[in-house]
There are 4 protein chains.
Amino acid sequence: MTHGHARTARLLIACPDARGIVAAVATFIRDHGGNLLDAEQHTDEEHGEFFMRAELDPGDGPLGRRSAFEDLWRPVAEAFGMTWRVRFGAEVKRMAILVGKQAHCLHDLLWRWQAGELPVEIPIIISNHETLAPVAANAGVSFVHLPIEPGPAGQAEQEAKLAAALDDANADFIVLARYMRILSDGLSRAWAERAINIHHSFLPAFAGGDPYRQAYDRGVKIIGATSHYVTPELDAGPIIAQETIHVSHRDTVADLKRRGRDLERLVLARAVRAHVEDRVLVSKNKTVVFGR
Amino acid sequence: MTHGHARTARLLIACPDARGIVAAVATFIRDHGGNLLDAEQHTDEEHGEFFMRAELDPGDGPLGRRSAFEDLWRPVAEAFGMTWRVRFGAEVKRMAILVGKQAHCLHDLLWRWQAGELPVEIPIIISNHETLAPVAANAGVSFVHLPIEPGPAGQAEQEAKLAAALDDANADFIVLARYMRILSDGLSRAWAERAINIHHSFLPAFAGGDPYRQAYDRGVKIIGATSHYVTPELDAGPIIAQETIHVSHRDTVADLKRRGRDLERLVLARAVRAHVEDRVLVSKNKTVVFGR
Amino acid sequence: MTHGHARTARLLIACPDARGIVAAVATFIRDHGGNLLDAEQHTDEEHGEFFMRAELDPGDGPLGRRSAFEDLWRPVAEAFGMTWRVRFGAEVKRMAILVGKQAHCLHDLLWRWQAGELPVEIPIIISNHETLAPVAANAGVSFVHLPIEPGPAGQAEQEAKLAAALDDANADFIVLARYMRILSDGLSRAWAERAINIHHSFLPAFAGGDPYRQAYDRGVKIIGATSHYVTPELDAGPIIAQETIHVSHRDTVADLKRRGRDLERLVLARAVRAHVEDRVLVSKNKTVVFGR
Amino acid sequence: MTHGHARTARLLIACPDARGIVAAVATFIRDHGGNLLDAEQHTDEEHGEFFMRAELDPGDGPLGRRSAFEDLWRPVAEAFGMTWRVRFGAEVKRMAILVGKQAHCLHDLLWRWQAGELPVEIPIIISNHETLAPVAANAGVSFVHLPIEPGPAGQAEQEAKLAAALDDANADFIVLARYMRILSDGLSRAWAERAINIHHSFLPAFAGGDPYRQAYDRGVKIIGATSHYVTPELDAGPIIAQETIHVSHRDTVADLKRRGRDLERLVLARAVRAHVEDRVLVSKNKTVVFGR
């Protein structure tokens, strides 16, 4: 699939299922001098919902300017009752990363970013610990230490600073790369569908704390990792990506943690990449993830 | 994805890449009273080729009749230089199965057919051995034994009978479910893109005879299976589906064969299903396999 | 690994971890004219438990006769506080199969049995429905229909007949091949570590009814199957084998069921095979599964 | 499995299959005050070869000193015609890394080393390019740039320096982490079973140059990575680990390279870890890889 050249735009659509939507989108693009490069649709027949992702070359005409595109597009969208968004390739997303003490997911994201796999800007890395400050420094990314003070007000105070730091950084979305703290309902809602978490189990099994210990005690023969959008309910948000591997009675809890780290890195990277490429739509607490 | 309701039609297209193809297809369907249910495209940027599969509800107008559909569609297709085919849901494909002595792939195809997973007719099962005649009888499918006589003319004579039997059965496509004989160049060409083979290795490794023994001797840590369209060059046709599993030094050749049988069944079924659902396009000895 | 030749015996051991257990076992076998063919051990360091599976050629001496073997072995076992069992290759296990209306797992077990993958006798297939009687007849296996009458006593009455039928059949273990009924606590306990169930989810997620619908509604990106020993607590017994595959938003509940059937067949077969080959030991509601 | 505590020793054995080997090993350990912690055996019945890996706590007696262990063990080994080696946990292996311009495998090895997953010393990183010098510097590892001069003598001169650098570094084994140069026959032989390469295909398919392009052109539906010991014949050495993932017609060569990098990292790390833990034995150009 075409991966976000600066010259392309992406149009994402959700609406009630109806006749002629693809024709309307395709002719809109053609008639205004654009070229449809790639299109994927999905119809949820159970709920009568239609989803579409179109990647287009806007051409030299009006589709290349946001305001003109939006003005031309709005009547079409209204005719079908669409929820929609458009993103231009030149608009690079700004990704804030929240971490705890564990380095593997952060290392992996930074490495992929440096290797050109994740076309984003990283304005800030935030942590409640200082442990990973050197990793951020090494990558040339600003690091902000926001410790959580003991006592009843500690978390709320830290969250206020966190919210401000994200605003200051002008972040488009957040990645919780093993942050190990639960975001408040308010922050979860403020960043709905824009905060990506990695949980170290195959959800919905083993939600909550210490999932590798839970997995060990239950004696499962697989372990997994799940990346999802954060919602107020813990580990219950829309799932973007999941993966499992086989384990055996020989694997201790330490082995599960070690082997799980490889899963976590892969699954988180896959989810972040899908988000960055505007391939994810959310409906009814589930995701449509186009492409691969 | 929508899986071939009797009321739907599928349009498959290949042509040089150009502007406006999706718009042309979508408006064609809409303007003649149809409804586009699902569409997938693929652009091979390296070769400038465009591929599309559209699944549509033809509606009550002309798109529901083959001759009318074709007459209306032909000018559009010619404008873009398309190779194309249309298939109506009511047209059930006729699948002939060729087997040797091994039962697992045949059993699996018949079971899936009986379970409703493969919406085809099975007019005939053909073998150069009598071993599997009872399996065919049990499923109520006609079995034809075409032994290969020793001597230089044996294979040619058998193939002539085979070709005639396939014609008599009015078969649309052939599945070689561990047939263990090499089709002649002539027969391979006659059934190009309509004869599906299962090879018990991850091609292109271990083509030819006894691939599990080859795999054992090489000491690989995975084994695989590959389903592909038959071409005159042995085990070199367009690949439709592949799968591997891990093996270890503990696995004997007998273990590889036993474990490989599970792979062969799955991979062959996946390929046959893709073919039956008109999800496969071939170009440059490679396949585009839409959906999943 | 050596797969149960008629000439071999298997010794399974569980005991508190201690020095010299392997030496004691190996010298016991050697000193009585046997030959240790394969041995696997596992130490659960967390609980200080030791597990071992030894496969041996008993030779022409006393180890080839059960009573002599047991008399010689008992003092060694007592010295280490072992729980143990020995099985001779000539003692073929008798497997009873319980089914409901769905054919895929039964078909698969029967096919593997006919192909020589499962060296067992199948004295009986039991169902609360008549649907699969023809499948049993076709395989030449006795089929017993034990319907469950409506009303409060229905299940108990049927279970009494079920227990009697299993006794009459002289069954060594039971396979619940999509039986779809919950065994009573009494029956679960009577067949502890000898009743193998297949559940169509990656446990502990989606226990209970209609797991594919549960999976669909949660929007998971994988589905799975789990084979486990039956215990009184539903879907909570010791897990023997698990497997998952990727799914997407395109998969309807019907797709999940269809694709899941392939998983269920593979996972159940893997668990049954491990049980038949005496490779499974149970401790603390978890399994040690030797070999692979 | 027990992962190389400083207090443990590992004994690796290969010999003709015979009666009583396990008993001999187990009693040897017990009778000299040691404790057998873990033992795995494998019998290659086709070639009549026996392999064993024993992990032991040497205790406070003679088994804890290399010379005493060897003196006591030698008669046992000679009685069975064994090839053998013993390694004490306190003897940390020294791993030299050879790289080209690509960073992903080097990054991954260094990260795992820093995270404690690879208990080795890394005395040196060697490259024919300067590209990755900063990565080495960042990890605090010595980097040696050994460019290959053009002309017929260039490679031989560089190899002489390479051999000397490896000697100076007192390396126990080499990892070719996408080194992209072919070692000479001489160097391959000098480091036989001690030089681990990662090849970016599922060998034996797509040996040699540009395997992702080869895979793309063949139209395979999986790609893979293979880690093996280097031998004079290119990409034909004993395979330690392999893995594959699914790809589709949508994946360009660039996609295959990107997705393949994740495979390469995992497979190389798995092979290096097996080597470091003394879990690999080589015979007849194949490996026995104990544990997992």
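So you know, we letter chains A, B, ... as the sequences are listed, proteins then strands, and number each from 1.
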If you measure from CG on D:L36 to OG1 on C:T43, what distance do you get to the nearest 0.5 Å?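 These two atoms lie 8.5 Å from each other.
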I need the C:E45 CD to D:L37 CG distance, nearest 0.5 Å. 7.5 Å
D:R19 side chain to C:G34 backbone, donor-acceptor under 3.5 Å: yes
D:K257 NZ: over 12 foreign heavy atoms closer than 6.0 Å: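 No, because the 6.0 Å sphere around NZ of D:K257 holds 12 heavy atoms or fewer from other groups.
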Please list, in residue-number order, every residue in residues 22-31 of chain D that has a heavy atom less than 4.5 Å from any heavy atom of chain C; write 'none' if there are none. D:V22, D:A23, D:A24, D:A26, D:T27, D:R30
Test side-chain hydrogen bond (donor to acceptor under 3.5 Å, both in side chains) applied to C:Q41 - qualifying residues, sequence neighbours left out: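 C:Q41 satisfies side-chain hydrogen bond (donor to acceptor under 3.5 Å, both in side chains) with no other residue.
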